[in-house]
Protein chains: 2
Amino acid sequence: MGIEIKIALNEGLYLKDPQDSVLGRNIIKHSILLLSDLGFEAFNFKKLAQEMNSTEASIYRYFENKHLLLLYLVSWYWEWVAYLIRINTLNIDDPKRKLEIIINSFVSASVDNPTTDYVDESKLHSVIIAEGMKAYHTKEVDEENGKGFFKNYKQLITMVAGVISEINPTFEYPYALASNLFEMSNNHIYFAKHLPRLTDIKVGENKYSEVEKMLNYFATNLLR
Amino acid sequence: MGIEIKIALNEGLYLKDPQDSVLGRNIIKHSILLLSDLGFEAFNFKKLAQEMNSTEASIYRYFENKHLLLLYLVSWYWEWVAYLIRINTLNIDDPKRKLEIIINSFVSASVDNPTTDYVDESKLHSVIIAEGMKAYHTKEVDEENGKGFFKNYKQLITMVAGVISEINPTFEYPYALASNLFEMSNNHIYFAKHLPRLTDIKVGENKYSEVEKMLNYFATNLLR
DNA sequence: TATTTATAATAGTTATACTATCATTTTAAA
DNA sequence: TTTAAAATGATAGTATAACTATTATAAATA
């Protein structure tokens with residue numbers, strides 16, 4: 001019933017598409033909650049199975065290991081942010097306004113999406129902030145990149161870089177600025193919460209307006 | 001004999017100061033090499049012991065676990081960069097010139113330091129680029145921050161933020177810019193090597209001049 | 001209803017992350 | 001120089017993580 005969004009993710013990330021079954025969607029749902037509670041290091045499939053009243057072996061039929069599950073969630077997030085940007089910039093022509101919307105999407109990707117009830121976007125965002133970079137800081141990065149596992153991230157950054165180049169076609173670092181705005185957004189929310197002396201901004205419970213203001217300031221001053 | 005530099009690090013990071021014994025210095029030396037080879041996930045104390053012809057139990061007498069060993073190395077790196085900046089800005093008054101030197105120190109902290117023969121600074125830099133952020137992205141970050149485990153990072157950023165504020169006292173984000181320049185430096189070297197579509201710059205074997213140029217461009221345009 | 005497919009229940013294997021104990025070597029103190 | 005203390009090595013052991021395999025049962029489909 002109703003509109004169902006199916007997020008297109010690289011098939012190498014999973015053994016069996018978790019979006020296609022109740023158990024699969026449950027794995028996604030509970031892994032977000034448990035990762036948010038325990039962090040990636042303490043998280044494992046045994047605990048996840050207990051949490052969702054299933055078994056370790058069942059989860060292993062969907063994901064090879066917890067690293068690929070994390071990468072699946074991170075890819076999901078990248079796609080979701082790209083989707084948010086797409087729908088929110090639909091009728092907007094001014095690239096400066098588009099970049100503002102992009103930055104807002106980076107920062108407040110926490111707004112819950114009613115069409116995917118098994119993903120708590122706000123919780124997923126916290127997981128990305130705390131664990132996201134672990135998905136691509138591994139010894140297997142080149143091998144996995146060869147399999148296209150980071151395509152969603154690259155597509156997102158390419159789109160943002162396009163908008164940046166629209167604003168200022170002579171700007172030499174559109175890709176670097178795009179990825180930096182994304183990384184900076186997550187990083188400074190993390191810093192504000194845990195290592196506040198590494199930043200100047202403050203955040204409240206899901207209130208990231210100062211981060212947004214800072215990113216807009218950085219972007220505007222670099223692109224003028 | 002000769003000049004010996006002893007780097008001051010938080011005592012909670014280790015059980016026994018590794019700088020004070022041959023075995024301890026060997027642990028530092030070989031852990032840098034092995035982390036660089038295997039990455040943090042595949043690295044463990046058993047392999048490290050084999051590599052240096054010692055035993056697991058002996059290493060556990062110096063470090064509680066591999067996470068704290070990584071944090072020790074990362075802290076060492078933060079101190080080493082701060083030291084580099086200090087000696088290279090000794091007689092410099094112009095804060096703009098100071099920031100250039102800071103950026104150069106972030107990027108090329110790879111230059112080997114002759115006074116600490118057990119630390120290969122170039123290899124350590126690669127470890128920081130690939131694994132550094134894992135030292136402070138854990139569930140224990142608040143607890144460890146309370147124990148002062150990240151003091152070296154905060155001091156480094158505070159020093160850089162000071163220079164930034166000298167250049168432009170009205171700039172609102174000195175700490176954020178400082179930490180961003182540091183993180184961006186490591187991140188974009190990593191991207192250039194492994195996920196080149198996330199950046200615009202290219203790097204060669206320990207040749208990071210494009211990163212340096214980009215960071216200077218970002219800093220200059222934000223602070224003018 | 002028969003048959004395939006998905007999941008659960010259970011058990012087992014190998015590796016990691018430690019801890020404990022005792023022997024031996026090195027260092028430092030008497 | 002002997003003796004005690006401290007550091008390291010050798011060895012073994014425990015708990016948990018990260019899987020794999022097997023069989024039973026339930027659900028879906030033909």
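These numbers come from the heavy atoms of this one structure, side chains and all, not from hydrogens, waters or symmetry mates. A, B, ... follow the sequence lines: proteins, then strands. Residue 1 opens every chain.
Residue-environment remark: NZ (A:Lys47) exceeds the threshold of 12 foreign heavy atoms within 6.0 Å.
Distance NZ (B:Lys66) to C1' (C:dA15): 12 Å, rounded to an integer number of Å. In this structure, B:Tyr60 atom OH and D:dT11 atom C1' are separated by 16 Å, rounded to whole Å. Atom CD1 in A:Ile27 sits roughly 13 Å away from atom P in C:dA6 (whole-Å rounding). In this entry the distance linking CG of A:Asp17 with P of C:dA6 reads 13 Å, nearest Å. Protein atom CD of B:Glu64 is 9 Å distant from nucleotide atom P of C:dC18, rounded to whole Å. If you measure from atom CG of B:Leu48 to atom P of C:dT16, you get 14 Å, rounded to the nearest angstrom. Between the P atom of D:dT16 and the CZ atom of A:Phe43 lies a distance of 19 Å, rounded to the nearest Å. Remark: C1' of C:dA6 and CD1 of A:Ile59 are 15 Å apart, rounded to the nearest angstrom.
Between B:Phe45 and the options B:Tyr62, B:Tyr60, B:Phe63, a ring pair (Phe, Tyr, Trp, His ring centres under 6.0 Å) holds for only B:Tyr60.
A donor-acceptor pair shorter than 3.5 Å cannot be found between the side chains of B:Glu51 and B:Ser31. Checking A:His137 against B:Tyr190 by side-chain atom types alone, no donor-acceptor pair falls below 3.5 Å. Between B:Ser185 and B:Glu212, the side chains place no donor N or O within less than 3.5 Å of an acceptor N or O (distance only, hydrogens not considered). Defined by atom type and a distance below 3.5 Å, a donor-acceptor pair is present between the side-chain atoms of B:Asn206 and B:Ser122.
In this structure, A:Ser21 does not reach the C:dT5 phosphate: none of its side-chain N or O atoms is under 4.0 Å from OP1 or OP2. Between A:Lys16 and C:dT7, a side-chain N or O to OP1/OP2 separation shorter than 4.0 Å is present. Applying the 4.0 Å criterion to OP1 and OP2 of C:dA8, one finds that A:Ser58 has a side-chain N or O inside that range. Distances shorter than 4.0 Å separate none of the side-chain N or O atoms of A:Lys46 from OP1 or OP2 on D:dA18. Here A:Tyr62 does not reach the OP1 or OP2 of C:dA6: none of its side-chain N or O atoms lies under 4.0 Å away. Between A:Asn65 and D:dA18 there is no side-chain N or O to OP1 or OP2 distance below 4.0 Å.
A:Tyr77 and A:His125 have parallel rings, their planes meeting at less than 30° on a 0 to 90° scale where 60° marks the start of perpendicular. Using the six-membered ring where Trp is involved, B:Phe106 and B:Phe182 have ring planes that are perpendicular, over 60° apart on the 30 and 60° scheme.
When the nearest nucleotides of DNA chain D are assigned to B:Asn53 and A:Phe45 by heavy-atom distance, the more 5′-ward of the two goes with B:Asn53. Of the two residues contacting DNA chain D, namely A:Glu41 and B:Ser54, the nearest-nucleotide position lying further toward the 5' end is that of B:Ser54.
Using a 4.0 Å heavy-atom criterion, one finds that A:Glu56 contacts the bases of the nucleic acid, with or without backbone contacts as well.
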Reading nucleotides 22-30 of chain D from 5' to 3' and marking B where a protein heavy atom lies under 4.0 Å of the base, S where only the sugar-phosphate is that close, and - otherwise, the string is ---------
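Checked against C:dA8, D:dA10, D:dA17, the side chain of A:Lys47 finds its nearest nucleotide in D:dA17.
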